[in-house]
2 protein chains.
Amino acid sequence: MDNTGIVLSTEERILAAAAKVFRLRGFDGARMREIADEAGINKALLHYYFRSKDLLFERVFRASAAEYFGSLRTILRSEATLREKVIRLCDQYITTGIEQPYIAVFIITEANRKGAGFVTRIQSEEGVLPDFEPFRLQIAEEVAAGRIRPVNPEQLMMDILGLCLFPVIARPMMQRMLGVSDEGFREAMAQRRDRIPKMIIDSLYNPAG
Amino acid sequence: MDNTGIVLSTEERILAAAAKVFRLRGFDGARMREIADEAGINKALLHYYFRSKDLLFERVFRASAAEYFGSLRTILRSEATLREKVIRLCDQYITTGIEQPYIAVFIITEANRKGAGFVTRIQSEEGVLPDFEPFRLQIAEEVAAGRIRPVNPEQLMMDILGLCLFPVIARPMMQRMLGVSDEGFREAMAQRRDRIPKMIIDSLYNPAG
DNA sequence: GTCTATATATGGATAGAC
DNA sequence: GTCTATCCATATATAGAC
């Protein structure tokens with residue numbers, strides 16, 4: 001029974017605990033002991049359910065990636081206008097970045113870890129990373145029709161994600177460098193929710209500078 | 001003797017090896033054994049020179065942070081125009097991001113690690129993170145004089161760093177999602193070196209969209 | 001299914017010879 | 001200053017009772 005009032009099975013409690021610990025500490029920093037404590041069970045039971053740390057991690061990472069990229073996939077392949085997609089993307093990732101900052105850091109950090117075969121493997125699985133093709137096509141159409149300035153879809157996607165996610169990922173460093181409090185950071189991110197889409201859309205629709 | 005032909009002291013070789021291993025694997029993933037091997041010496045000698053893994057890491061992290069933020073500090077407090085600073089910043093961090101991708105990942109990852117007291121401490125030390133004040137003032141002056149559109153200096157800095165650094169940090173994920181080869185990634189980054197400053201400067205100098 | 005106890009491996013760190 | 005050998009703590013994983 002967690003704070004939702006819903007009774008979770010042992011397996012579910014383990015997965016929830018593992019997600020919490022792995023996201024906070026990463027694979028190398030996580031301890032099976034801490035996961036067991038967090039789940040309120042015994043270390044041995046972790047192995048009974050998931051056999052090894054690797055396998056448990058794999059489950060957590062796959063679920064995290066699917067969850068984190070799910071909204072990206074949905075937005076990219078929706079029927080919305082380009083303008084609308086940019087707004088939704090920024091809103092989604094900035095909101096998540098404020099409320100659950102660990103997920104983004106977790107996924108990106110683990111993707112950079114060397115000798116982590118499964119991470120690469122999982123990211124190659126169907127349905128984990130979004131299909132970029134629909135978005136690419138949509139951009140091409142808009143450009144061809146002369147409705148937006150010519151732009152490379154890959155560059156545009158890097159712009160959007162960079163502007164939204166970088167502050168979340170580099171948060172400790174940025175707050176320190178810029179001298180911003182936790183509250184100040186949240187305010188800055190709230191500003192960005194309006195600022196970034198405007199900036200992107202301006203650069204697409206305005207005459208060249 | 002490394003490939004520069006310069007004879008390094010044992011201490012220097014250890015530091016070089018430690019930097020390589022820590023940057024690649026992070027604190028938790030790094031093994032003293034691997035550092036010793038990389039330096040061509042014995043594990044015991046690591047402790048003779050640096051006493052503990054923590055202390056060795058601290059040296060490496062401080063040096064890495066100083067090196068990585070050094071150019072940022074220099075650029076921010078230089079006498080260059082705003083336009084010029086933006087161009088130099090982007091050039092600096094995109095070039096470094098292509099040639100030495102591990103440093104950015106290392107610093108940001110470690111800054112996010114929980115229970116790593118020294119990281120916070122080191123970042124608070126004088127001369128590690130750049131002083132943001134000169135840049136803030138310069139922006140304020142430009143805005144006051146009506147030479148650029150009103151802009152929040154913190155937002156601007158997050159924009160610049162996000163646009164330049166995010167692709168470097170999220171590289172494995174981005175390449176996979178966008179379907180880009182290593183060579184393609186380098187080309188994309190080269191494009192960004194021109195693209196980002198233009199984008200930033202446009203948004204500062206052009207009439208509002 | 002869940003626990004206690006234990007096996008086995010490995011990591012950081014130290015002792016002591018040279 | 002550098003090495004070999006070893007200590008000690010801790011991590012993952014398993015055995016076996018209940």
Side-chain angles (χ1 to χ4, degrees), chain A residues 1-2 6-62 106 109-110 113-119 122, chain B residues 1-2 6-62 106 109-110 113-119 122:
Chain A
M1 176 117 62
D2 65 5
I6 296 167
V7 178
L8 296 176
S9 70
T10 302
E11 181 168 343
E12 289 167 329
R13 271 188 300 133
I14 292 175
L15 281 173
K20 184 167 173 183
V21 174
F22 278 131
R23 284 175 188 175
L24 191 65
R25 306 211 185 276
F27 180 86
D28 290 326
R31 296 290 166 256
M32 296 294 268
R33 169 65 196 270
E34 190 179 355
I35 295 174
D37 290 350
E38 181 73 34
I41 51 120
N42 186 282
K43 266 198 308 171
L45 215 48
L46 295 181
H47 291 91
Y48 174 78
Y49 276 95
F50 297 96
R51 262 224 351 263
S52 73
K53 186 184 180 183
D54 275 21
L55 288 173
L56 179 53
F57 177 83
E58 204 174 309
R59 285 286 295 270
V60 169
F61 185 80
R62 182 178 291 109
F106 173 64
T109 302
E110 292 300 327
R113 212 175 85 237
K114 299 306 161 193
F118 29 66
V119 171
I122 292 168
Chain B
M1 176 114 65
D2 64 5
I6 295 167
V7 179
L8 295 176
S9 69
T10 302
E11 182 168 343
E12 289 167 329
R13 271 187 300 135
I14 292 175
L15 281 173
K20 183 166 173 183
V21 174
F22 278 131
R23 285 175 187 175
L24 190 65
R25 307 210 185 276
F27 180 85
D28 289 327
R31 295 291 166 255
M32 295 296 267
R33 169 66 196 271
E34 190 178 357
I35 295 174
D37 289 352
E38 181 73 34
I41 52 120
N42 187 283
K43 262 202 308 173
L45 215 47
L46 295 181
H47 290 91
Y48 174 79
Y49 275 96
F50 296 95
R51 255 209 18 249
S52 72
K53 187 184 181 184
D54 276 20
L55 288 173
L56 179 54
F57 176 82
E58 203 174 312
R59 286 285 297 270
V60 169
F61 186 80
R62 183 178 290 109
F106 172 64
T109 301
E110 292 300 325
R113 212 176 84 236
K114 298 308 160 193
F118 28 69
V119 171
I122 292 168

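The structure displayed is predicted, hence computed values, not measured ones. Letters go in sequence order (proteins before strands), and every chain restarts at 1.
- Distance NZ (A/K53) to C1' (C/dT8): 17 Å, rounded to an integer number of Å.
- Among the nucleotides C/dG11, D/dG1, C/dC3, the one closest to the side chain of B/R31 is C/dG11.
- Taking atom CD of residue B/E34 and atom P of nucleotide C/dG12, one finds them 10 Å apart after rounding to whole Å.
- Going from atom CD of B/E11 over to atom CD1 of B/I14 covers 7.5 Å, rounded to the nearest 0.5 Å.
- Note on B/T10: a side-chain N or O is less than 4.0 Å away from OP1 or OP2 of D/dT2.
- Among the nucleotides D/dT12, C/dC3, D/dA13, the one closest to the side chain of A/S52 is D/dA13.
- Following rounding to the nearest Å, A/R13 (CZ) and C/dT2 (C1') show an atom-to-atom distance of 11 Å.
- In this structure, the CG atom of A/L45 is 14 Å from the C1' atom of D/dA13, given to the nearest Å.
- Between the CG atom of B/L56 and the C1' atom of C/dG12 there is a distance of 12 Å, given to the nearest Å.
- Toward the 5' end of DNA chain D, the nearer of the two residues B/E11 and B/K43, judged by each one's closest nucleotide, is B/E11.
- Rounded to a whole Å, the CG atom of A/D28 is 14 Å from the C1' atom of C/dT10.
- Of the side-chain N and O atoms in B/H47, none sit less than 4.0 angstrom from OP1 or OP2 of C/dT14.
- With a 6.0 Å cutoff to the six-membered ring centre and a 45° limit on the axis angle, B/R113 does not count as a cation-pi contact of B/F61.
- Atoms CZ and CZ, from A/R31 and A/R25 in turn, are 9.5 Å apart once rounded to the nearest 0.5 Å.
- With values rounded to the nearest 0.5 angstrom, A/T109 atom OG1 is found 9.5 Å from B/E110 atom CD.
- Separating the CZ atom of A/R33 from the P atom of D/dA9 is a distance of 16 Å, rounded to the nearest angstrom.
- A/Y48 has no side-chain polar atom (N or O) that falls below the 4.0 Å cut-off from OP1 or OP2 of C/dT2.
- Relative to the side chain of B/M32, the nucleotides C/dA13, D/dT14, C/dT2 differ in distance, and C/dA13 lies closest.
- In this structure, B/F22 has its ring center closer than 6.0 angstrom to the ring center of B/F57.
- At whole-Å resolution of the value, CG in B/L46 and P in D/dC3 are 10 Å apart.
- Note on A/A30: only backbone sugar-phosphate atoms sit closer than 4.0 angstrom, heavy atoms only; bases stay farther off.
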